[in-house]
Protein chains: 2
Amino acid sequence: MIFGNRIKELREDAKLLQRQVAARLELDTPLLSKIERGERRARHEHVAALAKIFNVDEKELITLWLADQVLELVKDQVEAENALSIASKELKNSKK
Amino acid sequence: MIFGNRIKELREDAKLLQRQVAARLELDTPLLSKIERGERRARHEHVAALAKIFNVDEKELITLWLADQVLELVKDQVEAENALSIASKELKNSKK
DNA sequence: TTTAGACTTGTCAATATTTGTCGAACTTAA
DNA sequence: TTAAGTTCGACAAATATTGACAAGTCTAAA
């Protein structure tokens, strides 16, 4: 739950309440709570909005958010590590 | 489309038709065709069944199948490589 | 050429999953 | 205790995925 931890940290550093951040994302507090704890997934637009709110590079958050989804996908799969390694190679390959 | 290519290759090596393999998976030919071309995703059970049909290690296929899903998830995301790298680190970390 | 077989395409309904909301239940600090 | 912040559980609505079908293309043999 890298992404959730990070945005919770950013929120606390900014001394904002879930209620306040949730309002700016136009979703309710319980949902933001779930996102912070990784129980629910943020949407791409929310990630962008969060970067604005906390004034951080959107790329940083997107990266964590993506990484979380990858982890969610491969977790409790025996071949997780191999799969990631293959995906990584393939990605570099196809970039040409 | 690593997984699809692989099962197509296995199928051709085994000199089987889509129709025949599809029958053993209990799904129709067009769907298998799509799976081979990566237009549709195979289910976990199908991967297991395919390993049996072609007499290969299930892990090999699962790995490719997972890698495909990871690629699908991160493709056309700018931070794809970073995200994979972070996910990979995190995975190794959490394994303890 | 036609025909037959293998494969592909597009579309649809059924199902499953995800999303956001609500009321209520915690938790913590005064 | 209260009050504010957060979390929980259940639900309906919105989305996505699944598998099937009919119709299409392509190739090779007749």
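Residue numbers begin at 1 in each chain, while the letters A, B, ... track the order of the sequences.
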*Choose from dC7(C), dT9(C), dC8(D) the nucleotide whose nearest atom is closest to any side-chain atom of Glu39(B).*
dT9(C)
*dT15(C) C1' sits how many Å from Leu31(B) CG, rounded?*
15 Å
*Is a donor-acceptor pair below 3.5 Å formed from side chain Lys34(B) to base dG10(C), judging by atom type as modelled?*
yes
*Which nucleotide, dA4(D), dG20(C), dC21(D), lies nearest any side-chain atom of Arg19(A)?*
dA4(D)
*Starting from P on dT8(C), measure out to CG on Leu32(B) and report it in whole angstrom.*
9 Å
*Distance, rounded to the nearest Å, where Glu12(B) contributes CD and dC7(C) contributes C1'*: 11 Å
*Considering only dG20(C), dT18(D), dA6(C), which nucleotide approaches the side chain of Arg43(A) most closely?*
dG20(C)
*Asp28(A) CG - dG5(D) P separation (whole Å)*: 15 Å
*Could you give the CG-to-C1' distance, from Leu17(A) to dT7(D), as a whole number of Å?*
15 Å
*Pairing of Glu36(A) and Arg11(A) as salt bridge, 4.0 angstrom limit*: yes
*Where the side chain of Pro30(B) is defined as all heavy atoms beyond and including C-beta, which of dT8(C), dT7(D), dA20(D) is the nearest nucleotide?*
dT8(C)
*Atom CD of Glu45(B): over 12 foreign heavy atoms under 6.0 Å*: yes
*Glu79(A) and Asn82(A) side chains, donor-acceptor separation under 3.5 Å*: yes
*Answer yes or no: does a side-chain N or O of Arg41(A) lie under 4.0 Å from OP1 or OP2 of dT17(C)?*
no
*Nearest whole angstrom, please: distance from the P of dT21(C) to the CZ of Arg40(A).*
11 Å
_Spacing of Arg37(B) atom CZ relative to dA6(C) atom P, expressed in whole Å_ = 17 Å
*What integer distance in Å separates Gln18(B):CD from dT25(D):C1'?*
14 Å
